[in-house]
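Worksheet: the structure to be examined is printed underneath.
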Protein chains: 2
Amino acid sequence: MKILIVEDEIELLTAVSNYLVKENHICELAENYQKADEKISIYEYDIILLDIGLPDGNGLELIKAIKQNNLRAGIIVISAKNSTDDKITGLDLGADDYMTKPFQLSELNSRIKAVLRRRQSNGSNTIGFNEISIDTDSKEVRINDRKIKLTRKEHELLMYFLINKNRVLTKEAIAEHLWGDNIDMADNFDFIYTHLNNIRRKIKSAGGKDYIRTLYGMGYKFADV
Amino acid sequence: MKILIVEDEIELLTAVSNYLVKENHICELAENYQKADEKISIYEYDIILLDIGLPDGNGLELIKAIKQNNLRAGIIVISAKNSTDDKITGLDLGADDYMTKPFQLSELNSRIKAVLRRRQSNGSNTIGFNEISIDTDSKEVRINDRKIKLTRKEHELLMYFLINKNRVLTKEAIAEHLWGDNIDMADNFDFIYTHLNNIRRKIKSAGGKDYIRTLYGMGYKFADV
DNA sequence: CTTCCACAATGAGGATTTTCATAGTGCAAA
DNA sequence: TTTGCACTATGAAAATCCTCATTGTGGAAG
């Protein structure tokens with residue numbers, strides 16, 4: 001799961017991040033609200049851990065912003081204060097859970113799982129681009145309501161493009177995302193070419209446009225123009 | 001391996017830390033030279049990643065300090081500048097390698113491995129268990145010097161066992177490690193059974209014992225007894 | 001001790017992924 | 001403009017992975 005951690009204490013942040021990475025989550029960090037805001041406006045997250053005691057402003061505002069940009073994300077508020085006010089206000093604004101520092105990492109983990117469970121139990125969750133849409137739960141891919149069937153790698157690759165729409169992805173980055181570390185870059189990228197080819201073919205045959213732009217010598221970009 | 005990362009850019013620091021944790025390293029962080037200096041005087045590290053462009057002073061000084069306190073550590077200098085001066089000075093002072101930003105994580109990884117290899121004085125990097133040994137670089141698997149050929153998944157699975165020898169691994173943990181989040185647990189675990197079966201067969205046919213113990217209802221354990 | 005049932009093992013076949021061979025294309029330099 | 005070369009595309013074959021059907025097994029309950 002993709003998790004954004006908003007926290008200025010570097011020690012805490014590291015501990016949490018390292019722990020969550022070991023739990024097989026993908027972590028990104030923001031050490032203040034401004035950076036958090038930028039990330040939220042660009043990426044999709046499953047969980048956002050939000051310290052509301054940061055120096056540069058009121059974190060409760062950020063919750064609102066998250067609710068607008070990133071509906072899918074679960075929010076867990078972290079606070080040093082134990083003030084009931086903050087707690088109530090945070091939960092009112094749409095936070096899914098609330099923790100006070102200090103906390104056990106295992107506690108954090110179980111809360112994350114609980115929030116994910118709650119989130120996933122209800123309605124469907126799609127990410128899309130023009131006529132293309134992917135249901136992130138059922139993993140169904142549709143072109144104008146016409147369902148196409150992708151294999152796992154194809155699905156992962158298309159998903160990676162959609163999560164990073166309008167952003168150039170190098171072949172190296174794609175390889176690392178789809179195959180992890182144990183891929184030998186000294187090899188060639190035939191496998192990427194092949195999967196790209198298959199995705200393009202399947203989308204085209206269902207009447208979709210080819211939004212996968214090849215940037216010669218750079219990589220690929222999923223974009224309108 | 002224990003790694004200290006000295007870097008003030010939180011994005012880079014996180015990316016590096018997360019990546020290295022996944023590679024089974026233990027990471028600690030310092031966002032400036034003062035903190036780095038404190039940590040160095042207290043702890044032992046195997047590798048120190050050192051950004052010499054930090055705001056609070058001259059990083060080359062820190063190299064000297066490391067050399068005095070922490071002789072065992074390998075030093076990899078990171079720099080935004082491409083200046084030959086810095087490079088030479090850094091290497092002169094005893095850094096083991098030098099990288100310029102930006103860099104690929106995979107590149108960092110291979111440099112870390114190279115430095116560790118050099119430090120450990122002897123050539124290859126193996127992890128083993130009785131008559132079984134895996135070279136983590138060449139990915140060769142040997143049973144009493146008899147080489148066997150494993151497929152990727154088989155290799156990942158055996159590696160996972162060897163890294164966690166004597167530890168019980170649930171099927172869920174194995175699934176998550178080998179296939180990530182996008183595996184449907186509601187399914188069955190046939191694929192694990194199949195790969196286990198193949199590994200056992202290959203090891204046996206090369207004359208190795210079957211150290212993969214089945215713990216009924218619990219999972220599996222790679223152990224002698 | 002026997003029965004039963006969930007868990008585990010196994011082999012074969014189908015699906016997916018990767019490799020390979022070959023063809024096509026964009027960019028830079030002549 | 002032409003040429004050369006590295007990069008990209010493509011289809012088919014090979015290797016690997018996953019699914020399925022079937023068989024075997026451990027341990028709890030009776």
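In the text below, chain A, chain B and the rest are named by the order of the sequence lines, each starting its count at 1.
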Please determine whether a side-chain nitrogen or oxygen atom of [X] lies at a distance below 4.0 Å from atom OP1 or OP2 of [N].
{"X": "A:Tyr193", "N": "D:dT8", "result": "yes"}
{"X": "B:Lys171", "N": "C:dA8", "result": "yes"}
{"X": "B:Thr214", "N": "C:dC7", "result": "no"}
{"X": "B:Lys153", "N": "C:dT16", "result": "no"}
{"X": "A:Arg152", "N": "D:dC18", "result": "yes"}
{"X": "B:Asn197", "N": "C:dA9", "result": "no"}
{"X": "B:Trp179", "N": "D:dC18", "result": "yes"}

Presence of salt bridge, [Y] and [X], under 4.0 angstrom:
{"X": "B:Lys209", "Y": "B:Glu131", "answer": "no"}
{"X": "A:Arg200", "Y": "A:Asp210", "answer": "yes"}
{"X": "A:Arg111", "Y": "A:Asp97", "answer": "yes"}

Start at the 5' end of DNA chain D and walk down; is the nucleotide closest to A:Leu215 or to A:Arg201 reached first?
A:Leu215
Whole-Å gap separating [atom2] ([N]) and [atom1] ([X]):
{"X": "B:Leu196", "N": "C:dT10", "atom1": "CG", "atom2": "C1'", "answer": "12 Å"}
{"X": "A:Ile174", "N": "C:dT17", "atom1": "CD1", "atom2": "P", "answer": "16 Å"}
{"X": "B:Leu157", "N": "D:dC18", "atom1": "CG", "atom2": "C1'", "answer": "14 Å"}
{"X": "A:Asn198", "N": "C:dA15", "atom1": "CG", "atom2": "P", "answer": "16 Å"}
{"X": "B:Asp190", "N": "C:dA6", "atom1": "CG", "atom2": "C1'", "answer": "14 Å"}
{"X": "A:Ile199", "N": "D:dA9", "atom1": "CD1", "atom2": "P", "answer": "12 Å"}
{"X": "B:Leu169", "N": "C:dA8", "atom1": "CG", "atom2": "P", "answer": "13 Å"}
{"X": "B:Lys149", "N": "D:dC17", "atom1": "NZ", "atom2": "C1'", "answer": "14 Å"}

Scan A:Arg200 against the nucleic acid and name what it touches under 4.0 Å (heavy atoms): base, sugar-phosphate only, or nothing.
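Contact class for A:Arg200: sugar-phosphate only.
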Spacing of A:Lys165 atom NZ and A:Ile132 atom CD1 [to the nearest 0.5 Å]
10.5 Å
Check whether the side chain of A:Tyr216 and the base of D:dA6 form a donor-acceptor pair under 3.5 Å.
yes
Has the side chain of B:Thr194 got a donor or acceptor that lies under 3.5 Å from a partner of the other kind on the base of D:dT19?
yes
Among A:Met159, A:Lys153, A:Glu154, side chain to side chain contact (heavy atoms under 4.5 Å, CB included) partner for A:Glu156:
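Going through the options one by one, the only one that passes is A:Lys153.
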Of the candidate nucleotides C:dC7, D:dC20, C:dT16, which contains the atom at the shortest distance from the side chain of A:Thr151?
C:dT16
